[in-house]
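Each remark here refers to the structure printed beneath this line.
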Number of protein chains: 2
Amino acid sequence: MTAKTKSSPTTPAAPAAGDLLRLDNQLCFALYAASGLVTRAYRPLLEPLGLTYPQYLVMLALWEDAPRTVKALGQALDLDSGTLTPLLKRLEAAGFVTRRRDTQDERKVQIELTDAGRALQARAAEVPAALACQLHLPLNEIVDLRATLQDLARRMKA
Amino acid sequence: MTAKTKSSPTTPAAPAAGDLLRLDNQLCFALYAASGLVTRAYRPLLEPLGLTYPQYLVMLALWEDAPRTVKALGQALDLDSGTLTPLLKRLEAAGFVTRRRDTQDERKVQIELTDAGRALQARAAEVPAALACQLHLPLNEIVDLRATLQDLARRMKA
DNA sequence: TCCAATTGCATTGTACACAATTAAATATGA
DNA sequence: TCATATTTAATTGTGTACAATGCAATTGGA
């Protein structure tokens, strides 16, 4: 997946035809690499909280809205139960959440925060700022980039 | 990791203090989600080539410059040998590359394309365009986004 | 009402991704 | 020259990520 466009004074040059497969010209690789870098930068910040990065995302979703079914979590995070079930089991083992069969519909599993899980939010509140300073980007650019990525995701899903 | 900045006419609003941990306000999640979406979009395009997405990235790197050591590939792709060694073994098993100990320094392993690996490039050349149309983004925006992500990666690594 | 279709989650199998560790080869400095 | 430090790739262990499949519960339509 490459970009093809006319050069403009403020836009980087589009790749020549012979360069279509160059790594540097792939948005997909830029995404993959940046995402990997950011995820890696989170690790030392989340370790003291006893969370991996995907677990942190799950906790973010639950702090925002709990209890939630596995399906709802999966929709919020674009993850399937193959990923979520073992992850949630580990979060339950760590004492941060409980997993209960829904009483009205036994297919559903409700994920609820424990007191420890709720208490973790205060410590986690320090993580975003700690990470932000590692990005070395002006804040307006961060907001812009985030919005662009969300726009891309929206378009791809439509 | 959130964005904090003053609102501007064209920039999305920065999150309020109480919203710092909201999923929608995390650049990290926007990156993670977009990257996941793009990777997933590649899968059906790469399957006929017998490649997974990370393998495709490795092949892109080798089409650009081969032979290469595992270390060089790791540097180009920000992956370590824990990830690369099994991946390269599978590429070798598929007949696309060979793995040879370097004669001058036996610690190094040279990864070289086979004829089949080289021939694969022509088929792979169709992938970027096929994917690009799934992004539903103007091309100048694609180039911009790519450049911004590369800038972010550069800054994080400095 | 009843049965087929659908849903929700768990499991299975495969491929990453990365920290920590290991073993062998090479480089470095006294 | 030789011992130590460093380098390179492989391995080990753990946690994702996702397609395919399985099972039980629920839904929907005849």
Q: Respond yes when some side-chain nitrogen or oxygen of A:K108 is under 4.0 Å from OP1 or OP2 of C:dA10, and no when none is.
A: no

Q. Judged by atom type as modelled, is there a donor-acceptor pair below 3.5 Å linking the side chain of A:T114 to the main-chain atoms of A:G95?
A. yes

Q. Within this structure, what is the CG-to-C1' distance between B:L46 and C:dA15, rounded to whole angstrom?
A. 14 Å

Q) Are B:R99 and D:dA10 close enough that a side-chain N or O sits under 4.0 Å from OP1 or OP2? A) yes

**Q.** Distance, rounded to the nearest Å, where A:Y42 contributes OH and C:dC18 contributes P
**A.** 16 Å

**Q.** Working for salt bridge (charged side-chain N to carboxylate O under 4.0 Å, His left out), residues B:R22 and A:E64
**A.** CA-CA 7 Å; B:R22 290 220 9 242; A:E64 195 168 318; 3.8 Å; yes

Q.
With a 4.0 Å cutoff (strictly under), does any side-chain N or O of B:R107 reach OP1 or OP2 of C:dA27?
A. no

Q. Can A:R146 and B:D24 be said to form a salt bridge (charged side-chain N to carboxylate O under 4.0 Å, His left out), step by step?
A. CA-CA 9 Å; A:R146 194 195 78 211; B:D24 283 353; over 6 Å; no

Q.
Just the rounded figure in Å: distance from P of C:dT14 to NZ of B:K89.
A. 17 Å

Q. To the nearest Å, how far apart are A:D105 CG and D:dG28 C1'?
A. 15 Å

Q. Rounded to the nearest Å, what distance is computed from the CZ atom of residue A:R68 to the P atom of nucleotide C:dC9?
A. 13 Å

Q: Take the angle between the ring planes of A:Y53 and B:Y32 and call it parallel below 30°, perpendicular above 60°, tilted in between.
A: perpendicular

**Q.** Distance in angstrom units between B:L88 CG and C:dA17 P, rounded
**A.** 12 Å

**Q.** 5' priority, DNA chain D, between A:L79 and A:D102 [closest heavy atom]
**A.** A:L79

Q | B:T83 vs A:A72, nearer the 5' end of DNA chain C by closest nucleotide | A | A:A72

Q. So what does A:T69 touch, heavy atoms closer than 4.0 Å: a base, only the sugar-phosphate, or nothing?
A. sugar-phosphate

Q: Look at the side chain of A:S81 and the base of C:dA10, then say whether one donor and one acceptor between them are separated by less than 3.5 Å.
A: yes

Q: Give a yes/no answer on whether the side chain of B:Y53 brings an N or O atom under 4.0 Å of OP1 or OP2 in D:dC18.
A: no

Q. Testing A:E106, A:R100, A:Q104 for side chain to side chain contact (heavy atoms under 4.5 Å, CB included) with A:D102, which one passes?
A. A:Q104

Q. Between B:L73 (CG) and D:dT8 (P), how many Å, whole number?
A. 14 Å

Q.
Measuring to OP1 and OP2 of C:dT6, would you say a side-chain N or O of A:K71 lies under 4.0 angstrom away?
A. no

Q. Relative to the 5' end of DNA chain C, which residue comes earlier, B:T103 or A:Q110, by the nucleotide with the nearest heavy atom?
A. A:Q110

Q. Hey, is the side chain of B:R40 poking within less than 4.0 Å of OP1 or OP2 on D:dA17, counting only N and O atoms?
A. no

Q.
From CG of A:L87 over to C1' of C:dC9, roughly how many Å is that when rounded to an integer?
A. 15 Å

(Q) Any side-chain N or O of A:R101 below 4.0 angstrom from OP1/OP2 of C:dG8? (A) no

Q. Just checking A:Q104: base, sugar-phosphate only, or nothing, at a heavy-atom cut-off of under 4.0 Å?
A. sugar-phosphate

Q.
On the nucleotide C:dC16, are OP1 or OP2 found under 4.0 Å from the side-chain N or O atoms that B:Q55 carries?
A. yes

**Q.** Distance test, side-chain N/O of A:T52 to OP1/OP2 of D:dT16, below 4.0 Å
**A.** yes

Q: For the pair A:T69 (side chain) and A:V109 (backbone), establish whether a donor and an acceptor sit closer than 3.5 Å, ignoring hydrogens and angles.
A: no

(Q) Between A:R43 and C:dC18, is there a contact of a side-chain N or O with OP1 or OP2 at under 4.0 Å? (A) no

